[in-house]
Amino acid sequence: MKKQGADLSQILGQWKRERPDIDPSCMVVCGAVWRAGKRLNAGVSENLKQYDLDFAAMDVLLTLRRNGCNNPMKPSQMAQDMMLSTAAMTARLDRLEARGLLIRENLKTDRRSVAISLSDEGRHLADKMVVTHVATEQKMLEKLNEADQKTLLLLLEKLAVD
């Protein structure tokens, strides 16, 4: 894979030359994280094209699938799990329901609430998609051995916590 954009060490050197009064090294670290994220995003997006899905749809389908086929979820539970607003979740669910990939059912205990589950087509698609998704991500991480991946995960988790 060829390098995208300017060399981060070159950018660091330019800032050190132009503004020796500040330490711009954080810019290089953040830039490397953003570039890596952009590469990962592009790889996953490319894989999703074959299913005519985007990240949002994939996230819903795989959340439902990993929760278990016999374990419907409330939209509010899904929104919390996926760190979304309920409005954003509703829009995602509407699109997937229109494609026949999920089913909304009123709860017998509270008719104002619904339970979301995968349709047979949605489950089949999720099972197929998760295989190619995992393969895509494994390929993108192949430059990192298992120890490198564990270290990277620990470091990224530190960044993700407020």
Side-chain angles (χ1 to χ4, degrees), residues 1-5 26 29-162:
M1 178 113 192
K2 71 176 191 166
K3 246 182 175 174
Q4 297 286 319
C26 61
V29 174
C30 289
V33 170
W34 288 325
R35 286 181 183 185
K38 186 175 178 180
R39 179 178 174 267
L40 294 172
N41 190 313
V44 171
S45 292
E46 185 62 32
N47 180 56
L48 291 175
K49 283 181 185 178
Q50 66 185 307
Y51 306 110
D52 192 28
L53 294 173
D54 58 14
F55 277 100
M58 177 194 71
D59 198 15
V60 170
L61 294 176
L62 295 185
T63 295
L64 286 166
R65 183 63 185 99
R66 70 180 159 81
N67 196 54
C69 290
N70 297 319
N71 195 13
M73 297 178 75
K74 290 182 179 181
S76 59
Q77 178 188 8
M78 293 178 68
Q80 182 178 1
D81 190 48
M82 297 164 60
M83 297 181 288
L84 293 172
S85 70
T86 53
M89 179 54 63
T90 299
R92 289 180 184 194
L93 296 176
D94 288 346
R95 287 191 302 271
L96 292 169
E97 184 179 32
R99 276 188 64 177
L101 299 175
L102 57 82
I103 300 166
R104 283 184 174 137
E105 294 180 286
N106 287 329
L107 293 175
K108 290 177 176 58
T109 56
D110 180 0
R111 291 187 313 180
R112 294 171 297 165
S113 295
V114 296
I116 308 297
S117 58
L118 292 171
S119 66
D120 288 342
E121 182 182 350
R123 183 189 51 75
H124 176 73
L125 179 61
D127 282 343
K128 183 178 175 183
M129 182 176 45
V130 73
V131 172
T132 62
H133 178 70
V134 167
T136 296
E137 289 187 341
Q138 286 174 334
K139 176 114 176 94
M140 290 187 295
L141 294 176
E142 70 185 1
K143 293 178 183 175
L144 304 176
N145 64 34
E146 188 177 341
D148 290 340
Q149 289 182 37
K150 286 180 181 179
T151 300
L152 179 60
L153 178 59
L154 289 171
L155 294 171
L156 291 173
E157 285 176 340
K158 283 183 179 182
L159 284 178
V161 176
D162 285 335

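For reference, positions follow the sequence shown, starting with 1.
- Within the model, atoms OG1 of Thr136 and CG of Leu141 stand 11.0 Å from one another, a figure rounded to the nearest 0.5 Å.
- In this structure, CG in Asn106 is found 9.0 Å from OG in Ser113, a value given to the nearest 0.5 Å.
- In terms of heavy atoms, Phe55 sits closest to Leu48 at N-CD1, 3.8 Å.
- In this structure the side chain of Leu61 reaches within 4.5 angstrom of the side chain of Leu53, judged on heavy atoms.
- To the nearest 0.5 Å, atom OG1 of residue Thr63 and atom CE of residue Met82 are 4.5 Å apart.
- Contact between Ser119 and Gly100 at its shortest, heavy atoms only, is OG-O, 2.6 Å.
- Residues passing the side-chain contact (heavy atoms from CB on, under 4.5 Å) test with Leu40 are Met140, sequence neighbours excluded.
- Judged by distance alone, with hydrogens and angles left aside, the side-chain atoms of Glu105 form no donor-acceptor pair with the main-chain N or O of Ala115 at under 3.5 Å.
- Within the structure, the side-chain hydrogen bond (donor to acceptor under 3.5 Å, both in side chains) test picks out the following pairs touching residues 41-60 (sequence neighbours left out): Asn41-Ser45, Glu46-Lys49, Asn47-Gln50, Asn47-Thr132, Tyr51-Thr132.
- Within the structure, side-chain hydrogen bond (donor to acceptor under 3.5 Å, both in side chains) pairs that include any residue of residues 67-92 comprise Arg66-Asp81 (at least two apart or interchain).
- For Lys128, the side-chain hydrogen bond (donor to acceptor under 3.5 Å, both in side chains) test picks out no residue, with sequence neighbours left out.
- Under the rule for a salt bridge (charged side-chain N to carboxylate O under 4.0 Å, His left out), the partners of Lys150 that lie at least two apart in sequence or sit in another chain are Glu146.
- Between the CD atom of Gln149 and the CD atom of Gln138 there is a distance of 8.5 Å, given to the nearest 0.5 Å.
- Remark: Arg123 engages Asp127 in a side-chain hydrogen bond (donor to acceptor under 3.5 Å, both in side chains) (not counting sequence neighbours).
- Using a 4.5 Å heavy-atom threshold, the side chains of Met78 and Leu93 count as touching.
- Here NZ of Lys158 is found 12.0 Å from CG of Leu153. Values are rounded to the nearest 0.5 Å.
- For Glu97, the side-chain hydrogen bond (donor to acceptor under 3.5 Å, both in side chains) test picks out Arg104, with sequence neighbours left out.
- Shown here are the side-chain hydrogen bond (donor to acceptor under 3.5 Å, both in side chains) partners of Glu142, two or more places apart in sequence or in another chain: Lys139.
- Scanning both residues, Pro75 and Val114, for their nearest heavy atoms gives CD-O, 3.3 Å.
- For Leu155, the side-chain contact (heavy atoms from CB on, under 4.5 Å) partners at least two apart in sequence or on another chain are Thr151.
- Expressed to the nearest 0.5 Å, how far CG of Leu118 lies from CG of Leu64 amounts to 4.5 Å.
- Judged as a side-chain contact (heavy atoms from CB on, under 4.5 Å), and not counting sequence neighbours, Asp120 has no contacts.
- Scanning for side-chain contact (heavy atoms from CB on, under 4.5 Å) contacts around Val130 gives Leu62, Val134, with sequence neighbours left out.
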